[in-house]
Amino acid sequence: MSEIAVPDWASIRDEYEGRQFLPTVICRRHGISVAQLRYRREMEGWLSARARVPKQADLVARMLKVLDKQIRKLEAAVNEPIDKQANVLATQVKTLDKLIELGAAKPNVEPASRKDMTDLRAKLVKRMEQFKAR
């Protein structure tokens with residue numbers, strides 16, 4: 001009896017989500033039908049070939065907007081406890097750090113400047129001290 005080749009779905013998913021080939025080419029390369037590809041994509045929640053993958057710069061810009069909004073909330077919350085909001089802000093700054101770090105880890109990308117992050121942290125500490133002094 002001859003063995004039936006089992007498709008390498010991990011490779012197929014990588015090619016599909018990475019947009020390395022058109023779906024029809026992927027099907028031909030791996031000996032599957034378009035219906036099989038569609039079924040697997042829908043059942044496992046693969047990224048659509050039409051989905052726009054966000055760029056690292058877009059994510060950093062969005063995260064900076066979130067940080068700005070949180071800082072404005074902290075400034076407006078004069079009579080509220082600051083601890084919870086400060087913790088949220090600290091988590092968001094760590095997220096921004098990680099996004100910048102991931103961008104710098106890519107090949108042919110200069111390391112991110114830590115000066116801007118240090119300045120941002122210094123401003124946040126100064127504002128938090130001002131709130132505590134009230």
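Heads up: numbering here begins at 1 and tracks the sequence. None of the values given here were measured: they were computed from a predicted structure.
To the nearest 0.5 angstrom, L47 atom CG is 7.5 Å from R13 atom CZ. For the atom pair SG (C27) and CZ (F21), the distance works out to 12.5 Å, reported to the nearest 0.5 Å. Taken from CD1 in I32 to CD1 in I12, the straight-line distance is 4.0 Å, to the nearest 0.5 Å.
For D14, there are no side-chain hydrogen bond (donor to acceptor under 3.5 Å, both in side chains) partners at least two apart in sequence or on another chain.
In the hydrophobic cluster analysis, where Ile, Leu, Val, Met, Phe, Trp and Tyr join through side-chain heavy atoms closer than 4.5 angstrom, L22 is grouped apart from Y39.
Taking every heavy atom of both residues into account, Y16 and R41 meet most closely at OH-CD, 3.0 Å. Nearest heavy atoms, S11 versus H30: CB-CE1, 4.2 Å.
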